[in-house]
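For reference, the structure is listed below as structure tokens.
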2 protein chains.
Amino acid sequence: MEALSERQKLILTLVIHEYIRTAAPVGSNHLVTHYHLDFSPATVRNELQALTEMGYLRQPHTSAGRVPSDEGYRYFVGRLLQQSDMPSSTQRTITHQFYQMRHDTDQWMRLAASVLASQSRAASMVTAPHPEQVLYKHVELIATRGRQVLMVLVMLGGEIRQRLLTLSEPVSQEQLSAAADRLNALLQGKDTLAIQALSLPLDALEQAILDWVVDEMARADALPSGEVYLDGLTNVVGEPEFSDSEEARRTLRLLEERTLLNDLLTRSTVLTDAPVGGVQVLIGGEGSYDELRRCSVVLARYGAPGLAMGTLGVLGPMRMPYGRAISTVRFLAGLLSELVADTLVE
Amino acid sequence: MEALSERQKLILTLVIHEYIRTAAPVGSNHLVTHYHLDFSPATVRNELQALTEMGYLRQPHTSAGRVPSDEGYRYFVGRLLQQSDMPSSTQRTITHQFYQMRHDTDQWMRLAASVLASQSRAASMVTAPHPEQVLYKHVELIATRGRQVLMVLVMLGGEIRQRLLTLSEPVSQEQLSAAADRLNALLQGKDTLAIQALSLPLDALEQAILDWVVDEMARADALPSGEVYLDGLTNVVGEPEFSDSEEARRTLRLLEERTLLNDLLTRSTVLTDAPVGGVQVLIGGEGSYDELRRCSVVLARYGAPGLAMGTLGVLGPMRMPYGRAISTVRFLAGLLSELVADTLVE
DNA sequence: TTTAGCACTCGAACGCTGAGAGTGCTAAAA
DNA sequence: TTTTAGCACTCTCAGCGTTCGAGTGCTAAA
């Protein structure tokens with residue numbers, strides 16, 4: 001594939017800009033008048049023809065303007081789009097919002113999804129950070145009423161799991177605290193397998209608690225990733241490519257299944273020619289999902305490598321504002337990584 | 001308003017059934033042939049005319065069939081719809097799903113929203129149970145690294161809040177445990193104001209922790225309700241009344257704002273003539289929201305009165321399957337109430 | 001290499017028309 | 001008095017031809 005001339009790059013960029021703005025096929029006259037080009041429509045037509053032959057543009061029909069093809073978008077994102085950052089004032093505002101919030105993963109994820117959606121003007125998806133290895137940190141037992149005990153299990157990395165247990169007989173808070181202290185001393189930093197392999201001289205209460213702990217840790221192990229948070233579905237429904245409500249329904253369905261992000265990540269790590277600053281851009285489903293044929297996904301991982309990682313991304317029509325989306329995703333991935341690192345429980 | 005004859009009730013019911021099924025205006029011939037009525041289309045026409053004059057039906061235009069009016073739906077839901085329960089096999093399956101899940105409010109709410117959406121075939125909304133009065137139960141302090149401490153605060157009713165604190169200087173786990181024990185003894189069962197009013201002889205560490213506790217409890221007090229969980233937005237997008245994507249966008253926007261349920265509840269407690277078994281049905285927005293003019297909402301409160309209450313509901317087009325929606329909402333409200341009561345931390 | 005000129009193409013919009021569904025009215029039947 | 005058959009009337013919708021205009025590709029001149 002021959003290289004594009006500078007003028008061709010310019011024209012491709014303009015076509016994509018204009019198409020993203022208006023959602024209508026772009027014609028030669030329109031380009032010249034709208035962008036005050038110093039060459040004539042005829043020249044533009046020749047270049048459009050060339051770009052079409054190279055596969056970067058399509059014509060919906062003979063006498064319509066041009067529309068970017070999947071390849072066109074890919075070329076644009078990979079080589080023409082100049083990287084930009086979010087305005088630093090916006091960055092500060094958002095950072096502030098996160099820091100003034102109490103430390104609570106659930107709240108953070110909701111805020112992240114909300115910010116991602118409103119900034120990128122697309123649908124957003126965020127998974128909570130999930131430890132790659134589940135390690136014991138601390139257990140706490142709180143007597144409530146009768147034989148019920150509230151167990152709070154803290155994992156290394158800061159994940160907290162709560163569970164209400166029912167014991168075979170009532171136990172005092174003192175006994176519970178003693179059992180918790182004992183287990184905390186014994187299990188510190190161990191993973192599920194190591195704990196299961198241990199054979200310890202425990203009394204009945206301690207053994208019962210240990211069983212619950214192992215069960216809970218095994219569940220955490222089994223989870224492929226954290227919970228998925230969605231927001232901004234509204235942004236997508238309004239777009240003209242989803243005016244066909246059946247198309248819209250199927251795409252939203254895919255989002256609501258809440259497996260998309262993980263599927264995409266496990267399916268292929270090298271997704272595009274040009275993953276920018278850790279941000280991956282997937283255009284037109286890139287073969288993986290039929291429902292995504294008309295969509296693009298911008299995604300990134302975040303977290304503390306080796307300890308706890310999560311994913312976040314946005315989904316929109318192919319004519320999404322890539323600059324905005326990429327800079328938002330990159331910024332939020334960085335911010336969340338920072339937050340995770342800061343609050344990591346060691 | 002004069003009473004309806006039995007035949008008029010029958011015909012109104014059939015029109016609503018048929019319209020809910022097909023989303024198309026219902027004509028006299030269609031009714032007679034489809035339901036094998038033993039009177040003629042002309043008779044049906046007379047009745048349709050009477051029902052239209054009484055305001056229970058509308059004609060989109062002179063020569064179309066009839067469509068239920070808001071009043072028609074209200075009459076139907078209030079007086080004609082016979083109450084039904086979900087099949088007990090389904091009830092068992094769902095109950096089982098909840099009970100085999102570990103006790104975790106977040107998981108329960110997600111499951112509830114998901115079940116509600118799939119059973120009622122509409123968009124579902126669930127708010128987490130929120131205590132009407134925030135009372136102290138227990139605090140736990142876990143040393144992590146350096147000056148960071150993970151605080152886990154348990155409220156009466158079982159709500160758990162976690163927060164990562166940064167102290168002015170490193171403190172050992174022993175000191176932390178001692179401080180926690182002291183506070184637990186002093187604050188048991190108190191509310192925010194009572195704790196603030198207390199003047200206690202505390203050392204610096206204890207006082208710092210107390211401040212965090214008060215801050216956290218004040219936040220919980222300030223929250224009007226628990227987090228809002230959404231699901232099944234897809235169900236709504238597919239409906240023909242939302243094929244106008246602008247209409248759909250505005251309605252979904254309302255859902256994504258996540259204030260709908262609480263707004264509805266605070267705005268008016270007596271919502272319809274016939275709240276059935278604690279379930280309230282709101283048809284056509286009933287004056288409260290313009291965006292809801294074409295929607296109906298079925299909702300109920302659940303929880304342990306006086307201790308912790310939440311709300312759940314479904315939103316769909318006016319021609320939603322009310323029987324299904326109402327029985328699903330009623331069943332889930334009951335089930336969640338049971339779960340909340342069972343696991344209440346006293 | 002660029003550009004003006006021009007014939008050509010094709011979809012969108014518009015208006016017309018006929019078919020069909022459904023009504024309301026009237027008068028006869030029950 | 002109630003029900004029903006008959007019938008004229010109304011209004012939407014789908015189909016169809018036509019026009020309009022945007023945009024193209026080609027050619028020949030600049």
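To find a chain, count down the sequence lines: A is the first, B the second, and so on, and within it residues start at 1. Treat the numbers as computed from the prediction; the structure is a model and nothing was measured. Values reported hereafter were calculated over all heavy atoms of this structure, with side chains retained and with hydrogens, waters and symmetry mates removed.
- In summary, B:E291 and B:R253 do not engage in a salt bridge, as defined by a charged side-chain N under 4.0 Å from a carboxylate O.
- In this structure, B:L264 CG and B:Q280 CD are separated by 9.5 Å, a value rounded to the nearest 0.5 Å.
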For nucleotides 13-20 of chain C, print each protein N/O atom paired with a nucleotide N/O atom at under 3.5 Å, atom names and distance only.
none

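- One interatomic measurement links the two molecules: CG of A:L51 to P of D:dT24, which rounds to 12 Å at whole-angstrom precision.
- Here C:dT3 presents its C1' atom at 13 Å from CZ of A:F39, a figure rounded to the nearest Å.
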Set out, line by line, the N/O atom pairs under 3.5 Å between protein and nucleotides 28-30 of chain D.
none

**Prompt:** Going 5' to 3' along nucleotides 24-30 of chain C, which nucleotides have protein heavy atoms under 4.0 Å from the base (write B), which only from the sugar-phosphate (write S), and which from neither (write -)?
**Reply:** BS-----
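- Residues B:P68 and B:L57 share a closest heavy-atom pair of CA-CD2, 3.8 Å.
- Around atom CZ of A:R319, more than 12 heavy atoms belonging to other residues, nucleotides or ligands sit under 6.0 Å away.
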**Request:** Go through the steps for A:Y35 and A:E18 under the test side-chain hydrogen bond (donor to acceptor under 3.5 Å, both in side chains), then give the verdict.
**Result:** CA-CA 10 Å; A:Y35 290 98; A:E18 198 57 15; 2.6 Å; yes
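- Remark: the backbone N or O of A:Q91 is not paired with any side-chain donor or acceptor of A:S88 at under 3.5 angstrom.
- Distance, A:L37 CG to C:dT2 C1': 14 Å, rounded to whole Å.
- Looking at DNA chain D, the stems built from 3 or more consecutive Watson-Crick or G-U wobble pairs, each pair with its key distances under 3.5 Å, are C:1-30 with D:1-30.
- Two residues are said to be in side-chain contact when any heavy atoms from C-beta on lie closer than 4.5 Å; A:V15 and A:L51 fail this criterion.
- D:dG23 atom C1' lies 12 Å from atom CG of A:L31, rounded to whole Å.
- Nearest-nucleotide positions on DNA chain D place B:E47 closer to the 5' end than the other of B:E47 and A:H30.
- The shortest side-chain heavy-atom distance between B:L299 and B:V329 does not fall under the 4.5 Å cut-off.
- Ion pairing of B:D85 with B:R330 is present here, as a side-chain N (NZ or NE/NH1/NH2) and a carboxylate O approach within less than 4.0 Å.
- Contacts between residues 18-28 of chain A and DNA chain D, defined by a heavy-atom separation under 4.0 Å, are made by A:G27, A:S28.
- Listed for the B:D231 side chain is no donor-acceptor partner under 3.5 Å among the backbone atoms of B:L116.
- For A:R258, the CZ atom sits in a packed shell: over 12 heavy atoms of surrounding residues, nucleotides or ligands are nearer than 6.0 Å.
- Interatomic distance, CE of B:M318 versus CD1 of B:I283, reported as 8.0 Å (0.5 Å rounding).
- Atom CG of residue A:L260 and atom OH of residue A:Y289 lie 6.0 Å apart, to the nearest 0.5 angstrom.
- Look at CD on A:E53: it is 14 Å from C1' on D:dT24, rounded to the nearest Å.
- In this structure, B:E239 contributes its side chain and B:G316 its backbone to no donor-acceptor pair below 3.5 Å.
- No donor-acceptor pair closer than 3.5 Å links the side chain of B:Q8 to the backbone N or O of B:E47.
- A pairwise comparison of heavy atoms in B:A123 and B:L255 identifies CB-CD1, 4.0 Å as the closest pair.
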Atom pairs, protein N/O to nucleotides 14-18 of chain D N/O, distance under 3.5 Å:
none

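- A sub-4.0 Å separation between OP1 or OP2 of C:dT2 and a side-chain N or O of A:S40 is absent.
- The distance between atom CD of A:Q8 and atom P of C:dT2, rounded to the nearest whole Å, is 11 Å.
- Aromatic ring pairs are classed by plane angle as parallel below 30°, tilted from 30° to 60° and perpendicular above 60°; the pair A:F76 and A:H17 is perpendicular.
- Considering every non-hydrogen atom in both B:G284 and B:D70, the closest pair reads CA-OD2, 4.2 Å.
- Spacing between atom CD of B:E6 and atom C1' of D:dT2 amounts to 18 Å, rounded to whole angstrom units.
- The distance from the OG1 atom of A:T328 to the CG atom of A:L312 is 10.0 Å, given to the nearest 0.5 Å.
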